[in-house]
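A quick note: this is a predicted structure, and the numbers were derived from the prediction, not measured.
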Amino acid sequence: MKGGKSTGAGTKTDAKLTVKKNGAKGKASKDPNKPKRPASAFFVFMEEFRKQFKEEHPDNKSVAAVGKAGGVKWKAMSNADKAPYVAKAEKRKAEYEKNMTAYNKKQAAGGTDEDDASDKSKSEVNEGEDSDDEEDDE
């Protein structure tokens, strides 16, 4: 009897594994042009806290230690102490919502256009063209 039970349990786990494999294949890829979600007030706090913690503990290489110390300090803070971080997070959230509405309008209008490339890539393209002209002049 024991042998029968163990083989039955093995097929159940195999079936679960195959379902996970199939689920992972159907996952859609992310759009690189979609705006990133804004950081919460805690993560805005952690940006500043990490710098401070590194200055106080230069030997510490543990990410977990920084996270734990930040979490403890965040919990100990009053709402008044958290207010500047909450305000920054709200500002970022408003900016994100503005960017998302623009992104959604662009998607509804016809998807991605090559003319709407970022400013950085436009400047890189222009720099590349300028360097070609300089080589021709020599």
Side-chain angles (χ1 to χ4, degrees):
M1 252 349 213
K2 289 182 181 178
K5 288 183 181 178
S6 64
T7 55
T11 49
K12 286 183 182 178
T13 54
D14 291 341
K16 288 181 183 177
L17 291 175
T18 56
V19 170
K20 287 182 181 180
K21 286 181 183 179
N22 292 339
K25 288 181 183 178
K27 188 174 181 180
S29 62
K30 291 184 178 180
D31 183 2
N33 297 327
K34 185 174 182 180
K36 288 187 177 181
R37 293 187 65 190
S40 67
F42 174 70
F43 282 101
V44 173
F45 162 75
M46 283 301 293
E47 290 171 2
E48 189 176 298
F49 181 79
R50 279 187 204 98
K51 294 174 189 170
Q52 179 185 0
F53 192 84
K54 274 189 179 180
E55 290 172 2
E56 294 173 4
H57 307 282
D59 322 345
N60 187 13
K61 303 290 183 194
S62 173
V63 175
V66 178
K68 278 189 176 183
V72 168
K73 186 171 180 181
W74 179 257
K75 284 182 182 178
M77 292 171 72
S78 67
N79 286 341
D81 294 336
K82 294 178 183 180
Y85 304 109
V86 173
K88 286 180 187 177
E90 289 296 325
K91 185 177 178 183
R92 290 183 184 184
K93 185 176 181 181
E95 182 71 23
Y96 167 77
E97 288 173 354
K98 187 177 88 173
N99 290 340
M100 275 303 292
T101 53
Y103 171 79
N104 288 334
K105 285 180 184 176
K106 187 187 291 185
Q107 290 294 343
T112 57
D113 294 330
E114 299 215 7
D115 296 338
D116 293 338
S118 67
D119 294 336
K120 183 176 179 182
S121 59
K122 286 180 184 176
S123 64
E124 289 174 355
V125 169
N126 291 338
E127 287 173 5
E129 291 172 357
D130 293 342
S131 64
D132 292 340
D133 294 339
E134 291 171 4
E135 292 175 5
D136 294 339
D137 293 340
E138 292 178 8

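Electrostatic pairing of Glu47 and Arg92 counts as a salt bridge here, judged by a charged N lying under 4.0 Å from a carboxylate O.
Residues Met46 and Val66 meet the side-chain proximity criterion, which asks for heavy atoms closer than 4.5 Å. Residues Gln107 and Asp31 meet the side-chain proximity criterion, which asks for heavy atoms closer than 4.5 Å. At least one side-chain heavy atom of Phe45 sits less than 4.5 Å from a side-chain heavy atom of Lys73.
Clustering ILVMFWY residues whenever any of their side-chain heavy atoms sit less than 4.5 angstrom apart, transitively, puts Val44 in a cluster other than the one holding Val86.
From Lys34, atom NZ reaches atom CG of Asn104 across 7.5 Å, with rounding to the nearest 0.5 Å. Taking OH of Tyr85 as the start and CD of Glu48 as the end, the distance is 3.5 Å to the nearest 0.5 Å. To the nearest 0.5 angstrom, Ser40 atom OG is 13.5 Å from Lys88 atom NZ.
Considering all non-hydrogen atoms of both residues, Ala39 and Ala89 come closest at O-CB, 3.8 Å. Contact record, Gly71 with Phe42: CA-CE1, 4.1 Å, taken as the closest heavy-atom pair.
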Assess the residue pair Trp74 and Phe49 against the criterion (side chain to side chain contact (heavy atoms under 4.5 Å, CB included)); give the C-alpha distance rounded to whole Å, side-chain angles, the decisive distance to 0.1 Å, and a yes or no. CA-CA 10 Å; Trp74 179 257; Phe49 181 79; over 6 Å; no
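Cluster partners of Tyr103, by chain and number: Tyr96, Met100. The rule joins Ile, Leu, Val, Met, Phe, Trp and Tyr whenever side-chain heavy atoms lie under 4.5 Å apart.
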